[in-house]
A.B. asks: 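A single structure is presented below for examination.
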There are 2 protein chains.
Amino acid sequence: MSTQAPAPSRREQILKEAARLFAERGFHGVGVDEIGAAVGISGPGLYRHFPGKEAMLAELLVGISGRLLTGGKRRTAEGEGAGRAPAEVLDSLVEGHIDFALDDRPLIILHDRELDRLRDTDRKLVRSLQRQYVELWVEVVRKVYPRLAEAEARACVHAVFGLLNSTPHLGRPGALPGRAATAALLHRLALGAFEGAHSDGARGDGSRSDGARGDGIHGVDGSGQGR
Amino acid sequence: MSTQAPAPSRREQILKEAARLFAERGFHGVGVDEIGAAVGISGPGLYRHFPGKEAMLAELLVGISGRLLTGGKRRTAEGEGAGRAPAEVLDSLVEGHIDFALDDRPLIILHDRELDRLRDTDRKLVRSLQRQYVELWVEVVRKVYPRLAEAEARACVHAVFGLLNSTPHLGRPGALPGRAATAALLHRLALGAFEGAHSDGARGDGSRSDGARGDGIHGVDGSGQGR
DNA sequence: CGGTACCGTTAGTGAACGTTAACTACTCCC
DNA sequence: GGGAGTAGTTAACGTTCACTAACGGTACCG
């Protein structure tokens, strides 16, 4: 154990606790005193590490958006470099996003909830990163499902993000068996959603027995542990 | 036409604007003066209509949760009464939720974002309504997809809610062609997600997604009636 | 020892906010 | 006309909050 986190470094400690608190009670709902208390120091001691409360949020949001984008770029680059089918790349993107959603729940919450509390410059940066990440997905999705128009594909991507980011909402009760099972379920849900979007909406009045599964391009061995 | 909205009645006006502002900037991010200004009166004039700022949020959240639940109950009752197949009932639930998400965007945002700003008693009530609504879906989903364990079905429902509630995120740019097209797309996405969840994940990675349900403790204690 | 940089403390400041108080204008009804 | 109720105003109060000021301790380094 003990991978390589030798010094949580106070600064990272603060960021982690701030993320948790912001996610729980909202940016405006948390005072600096509470953040300080969460890391053992009190109140304005935080100002030795950050120029202000908002700077913490900004660093969190830029950090997460950047990491999502970086991971997405890496996955698509690897996929294309290895000549893998688009469906496999999409599979990899889904897997990466799920890992993120499951491992960094508080950040995922902040990511689409507290963006508007940032100053213009920071917000623009985060939005730019987010947009790039979305476009990355859109490109891949349109390769896998060419029948989707661009706007449709973008809407699908947003919707699937909403689906994947729903993990925080189901953490409360006994919830799912384990992480792996949850990840697998989310994976199936996400891919199923894309398939559903791609299927022509010519389902009569809801009889929807379906199952025809159109040209299911991806017979991919789903989720197959690329790591 | 002209149902019966002859007088927006100031109170409803306030609620509507408050919902918009809360959704845009968060409960703590909006001052009562702004809410007042949005309806033409200023500041404490609101206190002629509501006992406090939080009461507005409470009424909004209870209202939306109640309407969702009522609509869901109506749809399942109608469906079962008419002897329709579970899949059709699910179809109807999806349609109802989409209507809601598209027509009351701000409320949908508040619904899962500002719940924790409520006093204990209100929050419990809202959570109870939400839980009943979820269980309504879970029941139907399990009839349509019997292979899903209860916990899985619940997770799927939460995930699909996340998917359907993603509409607010895609309103900014050119977005989709029109309301009908967006609704249809969301519908396909949601049904596709359920289909995907139902498909056996045994695609080769061997990780058993479907548990043997050893720990049968998933006791939903009913608990209906918060009040 | 003296200096310096780091990290933390407590006390305080100014602004913002939710809420209350006191007062005014309008309408309805006898 | 004269209450009574409704809907609004401005002014003020008390609290909370992000942030600053002034100060202290500790470790490293000469």
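Quick caveat, the model's predicted, so the values are computed rather than measured. Naming: A, B, ... by sequence-line order, numbering from 1 per chain.
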A.B. asks: Counting heavy atoms from C-beta on, name the nucleotide in C:dG8, D:dG8, C:dT19 closest to the side chain of A:His49.
C.D. replies: C:dG8

A.B. asks: Please test A:Ile41 against A:Arg10 for side chain to side chain contact (heavy atoms under 4.5 Å, CB included), starting from the C-alpha separation and ending with a verdict.
C.D. replies: CA-CA 10 Å; A:Ile41 73 182; A:Arg10 181 69 14 135; 3.0 Å; yes

A.B. asks: When you get a sec, tell me which of D:dA18, C:dT9, C:dA22 is the closest nucleotide to the side chain of A:Lys53?
C.D. replies: D:dA18

A.B. asks: Hey, is the side chain of B:Arg10 poking within less than 4.0 Å of OP1 or OP2 on D:dT6, counting only N and O atoms?
C.D. replies: no

A.B. asks: How many Å lie between CG on A:Leu46 and P on D:dA18, as a whole number?
C.D. replies: 10 Å

A.B. asks: Given D:dG8, D:dT10, D:dA18, which nucleotide is nearest the side-chain atoms of B:Pro44?
C.D. replies: D:dT10

A.B. asks: Tell me which nucleotide among D:dA22, D:dT9, D:dA18 gets nearest to the side chain of A:Arg48.
C.D. replies: D:dA22

A.B. asks: Starting from P on D:dC17, measure out to CZ on A:Phe22 and report it in whole angstrom.
C.D. replies: 13 Å

A.B. asks: Is it true that B:Arg11 and B:Glu59 have a side-chain N and a carboxylate O under 4.0 angstrom from each other?
C.D. replies: yes

A.B. asks: Below 4.0 angstrom, N of the basic side chain to O of the carboxylate: do B:Asp104 and B:Lys16 qualify?
C.D. replies: no

A.B. asks: Please determine whether side-chain hydrogen bond (donor to acceptor under 3.5 Å, both in side chains) holds for the pair A:His111 and A:Asn165, giving the CA-CA distance in whole Å, both sets of side-chain angles, and the decisive distance to 0.1 Å.
C.D. replies: CA-CA 10 Å; A:His111 186 241; A:Asn165 295 350; 5.0 Å; no

A.B. asks: Checking contacts here: which listed nucleotide (D:dT9, C:dA11, D:dC23) is nearest the side-chain heavy atoms of B:Ser42?
C.D. replies: D:dT9

A.B. asks: Measure from CZ on B:Phe50 to C1' on C:dT19 and round the result to the nearest Å.
C.D. replies: 16 Å

A.B. asks: Rounded to the nearest angstrom, tell me the gap between atom NE2 in A:His28 and atom P in D:dA18.
C.D. replies: 10 Å

A.B. asks: Would you mind classifying the nucleic acid contact of B:Gly31 as base, sugar-phosphate or nothing, using non-hydrogen atoms under 4.0 angstrom?
C.D. replies: sugar-phosphate

A.B. asks: Using atom CG of B:Asp33 as one end and atom P of C:dA16 as the other, report the distance to the nearest whole Å.
C.D. replies: 11 Å

A.B. asks: Taking CG from B:Leu21 and P from C:dC17, how many angstroms apart are they, rounded to a whole number?
C.D. replies: 13 Å

A.B. asks: Give one of base, sugar-phosphate or nothing for A:Val39, where a contact means two heavy atoms less than 4.0 Å apart.
C.D. replies: nothing

A.B. asks: How long is the line joining CZ of B:Phe27 and C1' of C:dC17, in whole Å?
C.D. replies: 11 Å

A.B. asks: Between A:Phe161 and A:His97, how do the two ring planes meet: parallel, tilted or perpendicular, split at 30° and 60°?
C.D. replies: parallel

A.B. asks: Pick base, sugar-phosphate or nothing for A:Gly52, based on heavy-atom distances below 4.0 Å to the nucleic acid.
C.D. replies: sugar-phosphate

A.B. asks: Specify the separation, in whole Å, of atom OH of B:Tyr47 and atom P of D:dT10.
C.D. replies: 16 Å

